[in-house]
Amino acid sequence: MAKINENYLKLSKNYLFAEIGRRVAKFQAENPDAKIISLGIGDVTQPLPKVCIDAMSKAVQEMGNVKTFRGYGPEQGYKFLREKISEWNYKRHGLDIAPDEIFISDGSKCDCGNIQEIFSLDSKIAIADPVYPVYLDTNVMAGRTGNLKDDGHFEGVTYLPCTAENNFSPSPPKNKVDLIYLCSPNNPTGTTLDKAALKIWIDYAQKNNSIILYDAAYSAYISDKNIPRSIYEVDGAKDVAIEFRSFSKTAGFTGTRCGYVVIPQNLYGLTADGEKILLKDLWLRRQTTKFNGTAYIVQRGAEAIYSDEGQAEIKNLIGYYMTNAKIIRDSLSAVGLTAYGGINAPYIWLEIPKGFSSWKFFDYLLNKFHIVGTPGNGFGACGEGYLRLTSFGNREKIFEAMNRLGKI
Ligand code: MLT
């Protein structure tokens with residue numbers, strides 16, 4: 001029999017959201033009349049913007065005509081989309097990111113998970129705690145860590161605690177690491193990193209020859225003008241950082257799938273002999289081998305948000321979810337619960353009442369109120385004592401969930 005990659009066995013049996021799905025399905029089967037409201041996985045509920053639907057409909061028609069039909073697209077993504085991203089998300093904000101530094105994909109989850117492949121297996125990694133589980137899980141799968149310890153941490157990983165005490169803003173470690181995963185707005189805490197905090201990380205990365213892997217999938221939710229939407233707003237970032245962005249939460253593409261990575265032109269990694277290699281070239285090499293590009297129809301849909309009409313539509317969409325976030329925050333505070341986030345991000349990080357662990361509180365909410373959240377420790381050991389709520393539900397259900405929680 002073929003031998004397996006035993007690194008997979010170091011992980012918990014199920015991926016966090018798969019485990020939640022399993023528990024919820026079991027509860028629903030046992031309680032068929034329960035009207036469960038999910039504030040768990042951050043999945044959008046509102047329809048795609050009309051501009052996207054129109055653009056995709058047109059693209060479908062093109063695929064049905066021999067003159068406009070398209071087969072394989074460019075692995076890096078169509079130029080029409082890369083040019084629009086460069087113009088609207090970067091150049092218009094004074095940031096010099098060129099279309100050929102942008103790589104279109106089928107979403108940030110894959111990009112955040114795959115990027116580690118272009119780095120050496122003995123790279124030392126640092127990961128915010130709590131944070132989106134994909135960064136850690138993919139490094140465990142690759143064999144970059146030891147086993148899971150009793151404290152909930154993997155051997156060989158530098159964890160960067162994000163707690164209420166440090167305002168959920170992690171500090172650089174004393175030791176040297178090669179790869180640093182940062183996420184702002186942070187999933188799950190819903191908090192953001194300001195320019196000063198990012199500058200400290202950029203200085204650390206410059207001093208230690210590290211690369212920052214900056215997940216900005218929720219950047220469109222930042223309304224505070226002082227919080228950077230892109231790490232490249234901070235001096236020096238182009239020399240040390242790769243940025244991930246997504247259309248999932250920006251324009252409702254969780255099911256449609258489109259995202260992108262920015263790898264600056266002059267960003268290098270080193271061979272064992274100290275030779276400098278462009279990371280952009282390695283990523284392109286990986287993508288051309290393992291990926292055949294995102295569907296033309298989807299890329300046309302994504303492109304459509306880069307117009308005045310498109311921007312107005314996504315502003316409404318984001319405004320809808322952020323009003324939900326405010327309703328959740330206000331309702332929690334009305335019943336005396338403490339919560340963070342939900343101001344520049346669609347996630348609310350609820351401090352669990354004393355006496356509950358994260359999973360116990362998850363069970364309590366599901367059993368008593370038929371509400372699904374995400375247990376904080378699913379995002380890392382420092383998330384114990386918290387539960388994440390998402391504001392991506394539809395308004396009526398958010399009100400109904402908050403009514404139920406009022407009886408907590
Ligand atoms: C989440 O709930 O954290 C996200 O929906 C997961 C994802 O974007 O993959």
Side-chain angles (χ1 to χ4, degrees), residues 11-12 14-24 36-46 105-116 127-139 141 162 168 181-192 213-221 243-261 294 298 302 317-318 321-322 324-325 328 340-342 344-350 358 362 365-366 371-380 382-383 386-394 397-398 401:
L11 293 165
S12 57
N14 293 322
Y15 178 60
L16 174 62
F17 294 106
E19 176 59 22
I20 291 171
R22 191 190 65 77
R23 290 188 189 213
V24 173
I36 297 174
I37 300 179
S38 176
L39 306 179
I41 189 163
D43 196 4
V44 294
T45 53
Q46 299 308 297
S105 70
D106 56 353
S108 270
K109 183 181 195 174
C110 316
D111 291 335
C112 291
N114 292 332
I115 195 76
Q116 46 81 26
I127 293 188
D129 176 12
V131 86
Y132 186 41
V134 168
Y135 319 145
L136 177 66
D137 285 11
T138 52
N139 276 287
M141 289 169 175
C162 301
F168 303 97
Y181 288 86
L182 295 176
C183 180
S184 175
N186 185 272
N187 176 8
T189 62
T191 52
T192 49
L213 302 169
Y214 189 72
D215 184 355
Y218 298 91
S219 60
Y221 287 77
E243 178 162 286
F244 304 88
R245 296 252 202 136
S246 168
F247 291 87
S248 285
K249 313 297 158 70
T250 308
F253 274 51
T254 55
T256 311
R257 310 303 308 150
C258 196
Y260 59 95
V261 189
T294 305
V298 171
L317 197 59
I318 290 166
Y321 293 130
M322 289 312 291
N324 287 350
I328 297 175
Y340 302 90
N344 289 298
Y347 293 125
I348 290 106
W349 193 230
L350 168 65
S358 288
F362 167 89
L365 283 191
L366 180 59
I371 291 172
V372 182
T374 308
N377 66 347
F379 298 97
C382 290
Y386 289 89
L387 183 108
R388 191 195 75 176
L389 296 174
T390 145
S391 59
F392 287 121
N394 75 47
K397 287 201 174 150
I398 296 281

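Atoms within each ligand, like the ligands themselves, are counted from 1 in listed order.
- Using a 4.0 Å cut-off between heavy atoms, Asn187 contacts ligand 1 through its side chain alone, with no backbone atom that close.
- Relative orientation of the Tyr135 and Tyr181 rings is parallel, given thresholds of 30° and 60° on the angle between their planes.
- The salt bridge (Lys or Arg N to Asp or Glu O under 4.0 Å) check on Arg245 picks up Glu243, with sequence neighbours excluded.
- Counting only heavy atoms of the protein, atom 9 (O) of ligand 1 lies nearest to Tyr132 OH, 2.5 Å.
- Summary of contacts: the protein heavy atom closest to atom 4 (C) of ligand 1 is Lys249 NZ, 3.6 Å.
- When heavy-atom distances to ligand 1 are checked against a 4.0 Å cut-off, Tyr15 has no atom that comes that close, whether in backbone or side chain.
- Near Phe17, meaning under 4.0 Å from any of its heavy atoms, are these atoms of ligand 1: 1 (C), 2 (O), 3 (O).
- Side chain of Ser391 to backbone of Asn324: no donor-acceptor contact under 3.5 angstrom is found.
- In this structure, the salt bridge (Lys or Arg N to Asp or Glu O under 4.0 Å) partners of Arg23, at least two apart in sequence or on a different chain, are Glu19, Asp363.
- Considering backbone and side-chain N/O of Lys109, none are found under 3.5 Å from N/O of ligand 1.
- Near Ile41, the atoms of ligand 1 lying under 4.0 angstrom from a non-hydrogen atom of the residue are 2 (O), 5 (O).
- Taking the six-membered ring where the residue is Trp, the centroids of Phe379 and Tyr386 are separated by 6.0 Å or more.
- Between the side chain of Lys249 and the backbone N or O of Gly42 there is at least one donor-acceptor pair closer than 3.5 Å.
- Here's the thing with Gly42: one of its N/O atoms is less than 3.5 angstrom from an N/O atom of ligand 1.
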